[in-house]
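Notes to accompany the following structure.
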Amino acid sequence: MELAAPFKLAQPSVSKHIKVLERAGLVSRSRHAQTRPCRLEPAPLRAAMEWTGSYRMLWEDSFDRLSDFLDSNSRMKKKDGGNDR
Amino acid sequence: MTGSKDFRIFEVTRQLRHPRETVWKAWSRRDQIEKWWGPKGCAVRALRFEFRPGGFFHYSMEAAVAPTMWGRFNFLEISAPDRIVWLNSFANRDCGMARAPFSDKCPLEILNIVTFSETAEGTTQTLRAEPFGATEDEMQFFEDLCSSGSLAQGFGGTFDQLSDHLNGV
């Protein structure tokens with residue numbers, strides 16, 4: 001099966017993944033002679049991946065700023081001689 | 001508090017070179033959380049900060065060319081100094097819940113659990129996020145998404161490559 005070719009997965013495993021994608025409306029399959037050409041329907045997957053990706057980025061960015069904030073606070077404390085506000 | 005199935009959106013761990021008490025303050029004080037939390041390019045302002053179970057962190061997000069948006073944390077569990085559990089959602093001006101303006105696939109609320117543990121160098125901070133209150137259909141979609149996500153990863157992790165490959169078949 002052509003789809004299995006680039007993956008380090010056995011064909012039955014790829015078939016299983018395709019069925020899952022089809023059930024989720026992310027892939028549509030048609031029939032052409034003995035083959036089942038697959039078409040990726042990217043819109044729902046993109047929409048779903050966008051929000052999960054955005055949410056992850058929100059936190060990764062925030063944690064970068066948390067780290068900077070903690071570092072600059074501790075530098076300030078050292079300058080002030082350790083006063084804890 | 002955990003979900004019955006593992007539908008986590010992500011889990012991210014950071015090693016912070018600061019004592020746990022200091023990290024806890026950054027999460028539990030209004031004047032501190034305002035200084036680091038929020039989306040890139042947004043000025044975040046705390047409108048309400050009630051650090052107790054049932055309380056809200058209600059904030060506005062102002063970006064240059066977009067209308068003001070609001071969000072909130074609804075704290076469920078606070079266990080100093082090692083664990084905070086809350087529901088995050090978009091909000092309106094009055095701290096009521098609102099839908100994500102950009103996507104109806106985004107769950108109304110996201111359950112977040114952050115834990116802090118002490119290390120020799122400072123603190124290990126782990127945040128885990130998962131959808132909250134999703135319907136069975138939504139959970140099925142999410143489960144399918146996670147399992148198909150590993151398919152995309154096996155192909156070098158770029159969605160466009162996968163799309164090109166499949167549509168070329």
Side-chain angles (χ1 to χ4, degrees), chain A residues 1-9 13-14 16-30 32 35-74 77 84-85, chain B residues 9-10 12 14-19 22-23 25-27 31-33 35-42 44 88 100 102-107 110 112 114 122-123 125 127 129 131 140-152 154-156 159-169:
Chain A
M1 177 169 121
E2 291 165 28
L3 274 178
F7 297 92
K8 295 188 176 85
L9 292 171
S13 189
V14 175
K16 192 185 89 166
H17 280 296
I18 297 296
K19 285 201 176 84
V20 161
L21 291 171
E22 195 177 21
R23 183 174 66 202
L26 300 168
V27 153
S28 56
R29 291 195 284 177
S30 50
H32 182 75
T35 67
R36 303 230 38 206
C38 293
R39 165 145 224 101
L40 185 68
E41 307 292 343
L45 182 57
R46 185 167 284 127
M49 284 178 113
E50 270 166 13
W51 76 258
T52 56
S54 300
Y55 198 67
R56 173 190 269 281
M57 234 169 49
L58 162 62
W59 282 103
E60 297 273 18
D61 290 346
S62 294
F63 288 161
D64 290 346
R65 286 196 301 277
L66 170 61
S67 192
D68 292 344
F69 170 75
L70 292 170
D71 288 347
S72 82
N73 254 17
S74 97
K77 281 200 189 126
D84 186 11
R85 282 184 220 117
Chain B
I9 300 166
F10 69 83
V12 57
R14 292 282 180 114
Q15 302 299 336
L16 298 166
R17 295 182 155 277
H18 296 272
T22 307
V23 177
K25 280 185 189 145
W27 283 83
D31 62 337
Q32 295 202 20
I33 199 169
K35 295 211 169 94
W36 62 267
W37 190 84
K40 207 172 236 174
C42 273
V44 164
N88 191 6
F102 48 82
S103 165
D104 61 1
K105 285 275 183 260
C106 185
I110 293 170
N112 296 272
V114 70
T123 305
Q125 173 186 277
L127 174 74
Q140 185 63 68
F141 177 86
F142 196 76
E143 184 180 283
D144 291 346
L145 177 71
C146 291
S147 68
S148 67
S150 61
L151 187 71
F155 198 57
F159 175 75
D160 290 331
Q161 275 182 286
L162 175 63
S163 178
D164 288 346
H165 175 72
L166 288 174
N167 288 337
V169 173

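Lettering follows sequence order; numbering is per chain, from 1. This structure is a prediction, so every number in the text was calculated from the model and none was measured. All values below come from the heavy atoms of this structure, side chains included, with hydrogens, waters and symmetry mates left out.
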Enter the distance from Tyr55(A):OH to Ile110(B):CD1 here, rounded to the nearest 0.5 Å.
-> 4.5 Å
Between Glu60(A) and Arg14(B), does at least one N-O distance fall below 4.0 Å, as a salt bridge requires?
-> yes
By a 4.5 Å heavy-atom criterion (distance strictly below it), what part of Asn112(B) contacts chain A: side chain, backbone, both, or neither?
-> side chain
Do you know which two heavy atoms are closest between Pro39(B) and Leu58(A), and how far apart they sit?
-> N-CD1, 3.3 Å
Over all heavy atoms of both residues, which pair between Gly38(B) and Ser62(A) is shortest? Give the atoms and the distance, please.
-> N-OG, 3.0 Å
Taking the side chain as every heavy atom from C-beta outward, state whether Leu66(A) and Gln125(B) have any pair of such atoms under 4.5 Å apart.
-> yes
Note: Arg65(A) and Trp36(B) closest approach over all heavy atoms is NE-O, 3.1 Å
Once you round to the nearest 0.5 Å, how far does CG of Leu70(A) lie from CZ of Arg17(B)?
-> 13.0 Å
In terms of heavy-atom proximity below 4.5 Å to chain B, should Asp68(A) be classed as side chain, backbone, both, or neither?
-> neither
Give, for atom CG of Asn73(A) and atom NE2 of His18(B), the distance between the pair rounded to the nearest 0.5 Å.
-> 8.5 Å
Side chain, backbone, both or neither of Phe63(A) within contact of chain B (heavy atoms, under 4.5 Å) = both
